[in-house]
Visitor: 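Please see the structure below; I have some questions.
When a residue number appears, it is its place in the shown sequence, counting from 1.
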Amino acid sequence: MNIEAQDRAAIIEAVAAEVIKRLGQQGKKEPIAARKQAVLLSMEAVPELESVLNSHVDVHYYDETLRDCDVLIIPKLCIQLLANLANGISAGPRERFVLTMLLKGREVIALEEGLLYRKYKSTAPVLLYKMYDEFAAKLSAYGIRLVKEQDLPAACLENGNVSGKLQVGQQPLASTEDNRVESVVSDLASHALVLNRKVITEAELKKHRLHNGKEIVIDRHSIITPLAQDYLRMQKMQVHRR
């Protein structure tokens, strides 16, 4: 019996040593960089853009439940949306989302090919066309990057603080609309979703971040997986337990 006990102890010790060895090897692996979450501000599918972007970022379509993203892409800027954004008017959910992303310092990109007013250049009155040109210039001053479709993947991967992006203390938007959008941002921060799952995975964090931003509230007894912990660190998410 003593021999059997010794054999059993030796087997346990060997297995434990192998487990510790493998865990040490996993700890040496370089963390995989999280892919950016890109949102297309379009009510219709844009498969040509999806095919270009899918190998670089995770692509989602805008809906009114979204609260955050890394990159917001505007494929088409109709005259109404262009004028509203240029004048800081949050006339609807689309405008509010774009303005909120700018206030939060997110990357906002518009396609030059999507500036619909430009197709009327040969027929539009000069002063009217010039006014829309000035609106487009305002968007650039506010931090919306105007890029060609062929340059879109590279623009999405840049960590750009755009030189034209407004700094703290500047007043780009009309004060009434500015206050309205800032109130939207503060509401988002104060109504963080509570995750009550026993085990918090990386996939759940990604879904939460897309819809609710970088604030997360979890149950005090919840267990966060190692991959999820890496994701929290890389995305600089704030975790609160209750």
Visitor: If you round to the nearest 0.5 Å, how far is CG of Asp133 from NZ of Lys138?
Guide: 13.5 Å
Visitor: Rounded at 0.5 Å granularity, tell me how far CG in Leu41 sits from CD1 in Ile73.
Guide: 10.5 Å
Visitor: Kindly give the heavy-atom pair with the smallest separation between Arg96 and Ser90, and that separation in Å.
Guide: CG-CB, 3.4 Å
Visitor: Measure the spacing between CD1 of Ile224 and CG of Leu205 and express it to the nearest 0.5 Å.
Guide: 7.0 Å
Visitor: So, Tyr129 versus Tyr117, ring centres under 6.0 angstrom or not?
Guide: yes
Visitor: So, Lys148 and Glu113, do they make that salt bridge, N to O below 4.0 Å?
Guide: no
Visitor: Begin with the C-alpha distance, continue with both residues' side-chain angles, and end with the deciding distance and a verdict on side chain to side chain contact (heavy atoms under 4.5 Å, CB included) for Arg118 and Glu112.
Guide: CA-CA 9 Å; Arg118 289 185 175 176; Glu112 289 189 14; 4.1 Å; yes
Visitor: Atom CD in Glu149, atom CD in Glu48: separation rounded to 0.5 Å?
Guide: 6.5 Å
Visitor: How long is the straight-line distance from CD of Glu95 back to OG1 of Thr100, given to the nearest 0.5 Å?
Guide: 11.0 Å
Visitor: Same cluster or not: Leu227 versus Ile218, using hydrophobic residues (I, L, V, M, F, W, Y) connected whenever any side-chain heavy atoms lie under 4.5 Å apart?
Guide: no
Visitor: Could you pull out the closest heavy-atom pair between Cys156 and Val71, with the gap in Å?
Guide: O-CG2, 3.8 Å
Visitor: Which heavy atom of Glu50 sits nearest to which heavy atom of Leu40, and what is that distance?
Guide: CG-CD1, 4.4 Å
Visitor: Do you know the tightest heavy-atom contact between Ala228 and Thr201?
Guide: CB-C, 3.7 Å
Visitor: Side chain of Tyr61, backbone of Val46: donor and acceptor closer than 3.5 Å?
Guide: yes
Visitor: Do any N or O atoms from the side chain of Asn87 and from the backbone of Ile89 form a donor-acceptor pair under 3.5 angstrom?
Guide: no
Visitor: Could you tell me whether the side chain of Lys198 reaches within less than 4.5 Å of the side chain of Ile223, counting heavy atoms only?
Guide: no
Visitor: Do Val147 and Val59 sit in the same hydrophobic cluster, where Ile, Leu, Val, Met, Phe, Trp and Tyr count as joined when their side-chain heavy atoms come under 4.5 Å apart?
Guide: yes
Visitor: Is there side-chain contact between Leu72 and Val98, with at least one heavy-atom pair below 4.5 Å?
Guide: yes
Visitor: Is the closest side-chain heavy-atom distance between Pro125 and Tyr120 below 4.5 Å?
Guide: no
Visitor: State, with a plain yes or no, whether a side-chain heavy atom of Leu85 is found less than 4.5 Å away from one of Leu77.
Guide: yes
Visitor: Nearest 0.5 Å, what's the CD-NE2 distance between Gln37 and His60?
Guide: 4.0 Å
Visitor: Grab the two heavy atoms, one from Tyr142 and one from Leu102, that are nearest each other, plus how far apart they are.
Guide: O-CD2, 3.8 Å
Visitor: Does a side-chain N-to-carboxylate-O contact under 4.0 Å join Lys36 and Asp58?
Guide: no
Visitor: Around atom CD of Glu44, are there more than 12 heavy atoms of other residues, nucleotides or ligands at under 6.0 Å?
Guide: no
Visitor: Charged N to carboxylate O below 4.0 Å: is that the case for Arg106 and Asp68?
Guide: yes
Visitor: Answer yes or no: is there a side-chain heavy-atom contact under 4.5 Å between Leu82 and Leu139?
Guide: yes
Visitor: Is there side-chain contact between Thr225 and Val199, with heavy atoms separated by less than 4.5 Å?
Guide: yes
Visitor: Less than 4.5 Å apart, any side-chain heavy atom of Tyr132 and any of Phe135?
Guide: yes
Visitor: Can you tell if the side chain of Tyr62 reaches within under 4.5 Å of the side chain of Pro93, non-hydrogen atoms only?
Guide: yes
Visitor: For Pro75 and Leu111, which heavy atoms make the closest approach, and how far apart are they?
Guide: O-CB, 3.8 Å
